[in-house]
Amino acid sequence: MAGPTEDYQYVLGSNDISHREEETTGKDKALDKLVGAGAEESQGVSAGVTERDMATSVGGSIHRSSSRPQLDLSKAEIQGNFEERDPTILLPNQSDDISHLALDIGGSLIKLVYFSRHEDRSNDDDKRKRTTKQRLGITNGSRRSYPILGGRLHFVKFETSKINECLDFIYSKQLHCGGMDSLGWDSESPPRDNAVIKKATGGGAYKFADLFKERLGVSLDKEDEMDCLVAGANFLLKAIRHEAFTHMEGQKEFVLIDHNDLFPYLLVNIGSGVSMIKVDGDGKFERVSGTNVGGGTYWGLGRLLTKCKSFDELLELSQRGDNRTIDMLVGDIYGGMDYSKIGLSASTIASSFGKAISEKKELQDYRPEDISLSLLRMISYNIGQISYLNALRFGLKRIFFGGFFIRGHAYTMDTISFAVHFWSKGEAQAMFLRHEGFLGALGAFMSYEKHGLDDLRVHQLVERFPMGAPYTGGKIHGPPLADLNEKISWMEKFVQKGTEITAPVPMAKPGTTGLGGFEVPSSKGGVLRSDASALNIGVLHLVPTLDVFPLLADPKLYEPNTVDLSDHSELEYWFTVLLEHLSDLVDKAVASEGGTDDAKRRGDAFARAFSAHLARLMEEPAAYGKLGLANLLELREECLREFQFVDAYRSIKQRENEASLAVLPDLLMELDNMSEETRLLTLIEGVLAANIFDWGSRACVDLYHKGTIIEIYRMSRNKMQRPWRVDDFDVFKERMLGSKGKRPHPHKRALLFVDNSGADIVLGMLPLARELLRRGTEVVLVANSLPALNDVTAMELPDIVAEAAKHCDILRRAAEAGGLIVDAMNNSLDGLKEKSPSVPLMVVENGCGSPCIDLRQVSSELATAAKDADLIILEGMGRALHTNLNARFKCDALKLAMVKNQRLAEKLIKGKIYDCVCRYEPAS
Ligand SMILES: CC(C)(COP(=O)(O)O)[C@@H](O)C(=O)NCCC(=O)O
Ligand SMILES: [Mn+2]
């Protein structure tokens with residue numbers, strides 16, 4: 001989706017790889033704050049923050065030593081009305097905003113959720129946008145009293161025993177400064193004293209209150225832990241699409257939650273201890289049970305018994321354990337036999353640690369690995385069983401497990417799921433949450449008055465996985481990095497040390513006996529990445545301007561991805577394709593930035609980062625949520641943007657646009673000499689033929705070496721032979737031209753989802769748009785908000801249209817009517833100013849920066865334009881095949897694409913490469 005990429009950054013520690021988020025610098029709304037703090041802020045904060053630095057900061061005199069700017073005040077000016085109480089101050093050179101945080105300070109871990117505001121950089125002064133808005137009747141009338149702000153929610157954690165690291169982090173990101181009012185959310189409230197108040201929950205909010213006050217000058221406003229857990233869980237379950245999942249026998253499956261059928265459920269939060277909460281609604285809950293045998297028990301006992309130094313080390317040990325050496329199994333009692341009458345297999349644990357009583361062994365005679373596994377199983381199983389009993393007590397079918405004990409650890413989840421499934425005889429379901437550990441912190445964040453999250457909906461949240469996600473999850477150490485340069489250095493150093501890092505090892509499918517038995521874990525390589533896959537969560541981008549595309553027949557049934565990557569061979573194939581593309585893409589990206597040394601360094605870093613994402617996803621395809629091909633293609637674009645490659649195909653696009661515009665007049669003349677019927681067919685053929693100019697297809701790129709763009713275009717057109725592999729042209733033609741002398745009414749408004757630059761847009765889609773305009777149909781060209789491959793963007797389109805309009809009255813008048821071009825040509829091409837008004841030709845951005853489109857998250861501009869549309873045309877592989885081939889719409893839909901990949905052609909249409917799809921589906 002549109003929007004700037006996340007700027008996570010990472011540092012390479014001496015012994016470990018740990019990641020940090022990039023310094024986000026702030027934009028503040030209160031001038032006095034700026035004047036008061038800005039001069040200091042602009043001096044920057046030291047990268048290495050010492051405790052002494054922090055201590056001196058209390059009371060206002062912050063010692064800053066390095067050149068890292070916090071606020072860039074250059075060219076600052078007050079926006080709007082000077083009389084306003086809290087006027088907005090524009091900091092044109094400032095990138096991000098000051099952040100806000102909430103904490104959950106538990107016995108073992110501190111969880112931190114913080115928000116960094118991101119300014120909407122869309123330029124409303126943009127002429128195209130203004131006129132399109134007028135045309136489409138978009139107003140800003142329904143503003144709420146406080147805005148839902150665009151920004152990002154970040155999730156990070158620290159061990160409570162290393163609270164200083166957490167304080168350093170908060171300090172270095174300046175999260176301790178300001179209150180919610182600096183976001184403009186609380187501008188009505190009276191000015192407070194100097195105390196900065198942060199929301200916090202968990203026991204540590206009491207225990208460490210003085211420390212926060214002393215070191216950061218922050219007062220912790222304590223929120224009830226249960227309130228927070230429930231608020232956090234409810235928010236996640238309602239707002240995040242792929243939040244909940246089941247985990248059975250090594251298989252992770254995301255569960256779609258129906259918001260209207262969420263309650264009641266049992267929430268089991270496994271922290272140091274365990275709470276079981278029956279949740280009946282927002283703020284409606286009861287803590288019905290709990291157990292003191294929880295994460296703290298595993299870690300505490302485990303530390304004593306194995307001498308492990310950390311929770312993750314203990315968990316990693318379990319990965320290589322065999323609990324049969326220490327647990328007493330049913331088979332041990334029954335001479336190797338199952339006790340099948342009551343459903344117990346020989347490998348079922350009869351008594352955890354039971355073998356230790358009958359053997360004359362001491363602690364040192366047992367392997368720490370086996371002890372760890374036995375403990376883990378004992379505790380997980382016990383929690384699963386008690387949870388089920390409580391679900392049974394209240395007739396609850398769904399149990400959501402959260403808390404950092406789980407850490408996305410496959411064996412833990414399998415054991416809990418097994419217990420719930422076994423005891424409920426399959427009636428109850430254990431589900432896990434991707435943000436498992438952050439329920440409390442998120443709930444504390446929600447307790448800020450006017451936090452703005454309440455009103456956010458699934459479609460307004462976009463999760464992004466920054467470059468370090470494959471390596472370190474959300475583990476944060478040290479202060480943030482200064483700039484892209486440091487970020488790249490981190491990548492470079494990482495590669496040198498890369499072999500020391502093991503990506504998380506997913507469980508191979510464990511064999512179970514089906515009778516309650518459970519095999520030992522079998523892990524690939526026997527090494528579990530430290531921190532396991534705990535933080536398979538990205539940064540949540542809040543994009544209030546996104547909407548669900550209103551013409552989807554049933555948004556609940558809509559699944560954008562056509563290619564299902566849960567099929568392993570499919571996954572392998574597409575990963576290989578993307579890796580094969582990589583060096584070519586890097587070359588293009590580097591060239592697009594002038595081929596400088598800096599661009600080369602960024603290119604290398606991009607390639608490493610993207611390969612690391614692929615490797616991570618290859619190991620655990622569901623690591624970032626449900627994975628489809630569209631997500632991979634988008635990830636690649638996001639990754640490019642992360643390394644500041646703004647538009648890798650810029651010059652290619654320009655070159656192809658120019659070449660195509662040069663032949664456009666001839667094409668238009670040719671078309672105008674045809675009968676209506678032949679013309680319509682030629683136009684559709686033209687779209688299909690020109691869709692060959694796709695720089696994302698290996699086969700096509702090879703082809704481009706064999707001729708000029710115009711030669712290839714001609715060749716492609718000449719090969720167009722009907723019937724196409726999918727050919728609904730005749731039905732479409734009938735809808736357009738009618739049959740038996742009956743003339744159908746023209747469509748009122750058509751949305752044309754355009755694809756590539758050059759011939760594709762100029763010689764394919766624009767002539768088709770012209771035909772629709774000529775027939776009295778308004779045309780809205782829907783193009784990407786951000787570049788992706790050689791796709792044309794909404795920013796680029798008006799210039800292309802203006803050029804084309806120089807050769808065509810129909811396009812010119814429509815573009816003028818749509819506000820795309822000013823009435824620059826006082827005379828029409830034939831010397832006479834046309835009198836009859838034209839239907840408008842408009843351009844809207846789609847809200848995406850990807851070659852594909854997920855219609856659940858489109859720009860509000862597009863959603864508004866869609867309201868009066870009765871025809872949509874989706875063009876290209878990305879938008880009409882990889883995504884949306886199976887989508888159903890409320891209006892007529894035409895899907896046009898050339899299949900430029902052999903495997904996809906075989907799979908989707910039982911055809912071959914360069915076959916074409918013309919699928920027409922009347923309104924459903
Ligand atoms: C990235 C694309 C979806 C773009 O196709 P388009 O939408 O431009 O028709 C397509 O080029 C693609 O699937 N490429 C990867 C496969 C390959 O190289 O064959
Ligand atoms: Mn494309």
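None of these values were measured; they are calculated from a predicted model. Read the numbers this way: they start at 1 and go in the same order the structure lists the ligands and their atoms.
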Whether [Y] and [X] form a salt bridge (side-chain N of Lys/Arg under 4.0 Å from carboxylate O of Asp/Glu) is what I want to check.
X	Y	answer
Arg735	Asp730	no
Glu559	Lys626	yes
Arg714	Glu711	no

What I want to check is whether the side chains of Gln902 and Glu906 have a donor and an acceptor closer together than 3.5 Å.
yes
What is the name of the N/O/S atom of Asp791 that is nearest to the Mn ion (ligand 2)?
OD1
Minimum-distance atom from the Mn ion (ligand 2) among N, O or S atoms of Asp755:
OD1
Within the protein, flag every N or O under 3.5 Å from an N or O of ligand 1, and note the pair and distance.
from	atom 1	to	atom 2	distance (Å)
ligand 1	5 (O)	Asp694	OD2	3.0
ligand 1	7 (O)	Asp755	OD2	3.0
ligand 1	7 (O)	Met877	N	3.3
ligand 1	7 (O)	Gly878	N	2.7
ligand 1	8 (O)	Asp755	OD1	3.1
ligand 1	8 (O)	Asp755	OD2	2.9
ligand 1	8 (O)	Asn756	OD1	3.0
ligand 1	8 (O)	Asn756	ND2	3.1
ligand 1	9 (O)	Asp755	OD2	3.0
ligand 1	9 (O)	Met877	N	2.8
ligand 1	9 (O)	Lys900	NZ	2.5
ligand 1	11 (O)	Asp694	OD1	3.1
ligand 1	11 (O)	Asp694	OD2	2.5
ligand 1	11 (O)	Gly696	O	3.3
ligand 1	11 (O)	Ser697	N	3.3
ligand 1	13 (O)	His882	NE2	2.6
ligand 1	14 (N)	Gly696	O	2.9
ligand 1	18 (O)	His581	NE2	2.8
ligand 1	18 (O)	Gly696	O	3.3
ligand 1	18 (O)	Arg698	N	2.9
ligand 1	19 (O)	Asn901	ND2	2.8

What is the ring orientation for Tyr649 with Trp695, classed by angle as parallel under 30°, tilted 30 to 60°, or perpendicular over 60°?
tilted
Angle class for the Phe254/His242 ring planes (parallel below 30°, perpendicular above 60°, tilted otherwise)?
tilted
Determine, stepwise, if the pair Tyr920 / Asp892 fulfils side-chain hydrogen bond (donor to acceptor under 3.5 Å, both in side chains).
CA-CA 8 Å; Tyr920 176 66; Asp892 295 347; 3.0 Å; yes
How about Met877: does one of its N, O or S atoms come closer than 2.8 Å to the Mn ion (ligand 2)?
no
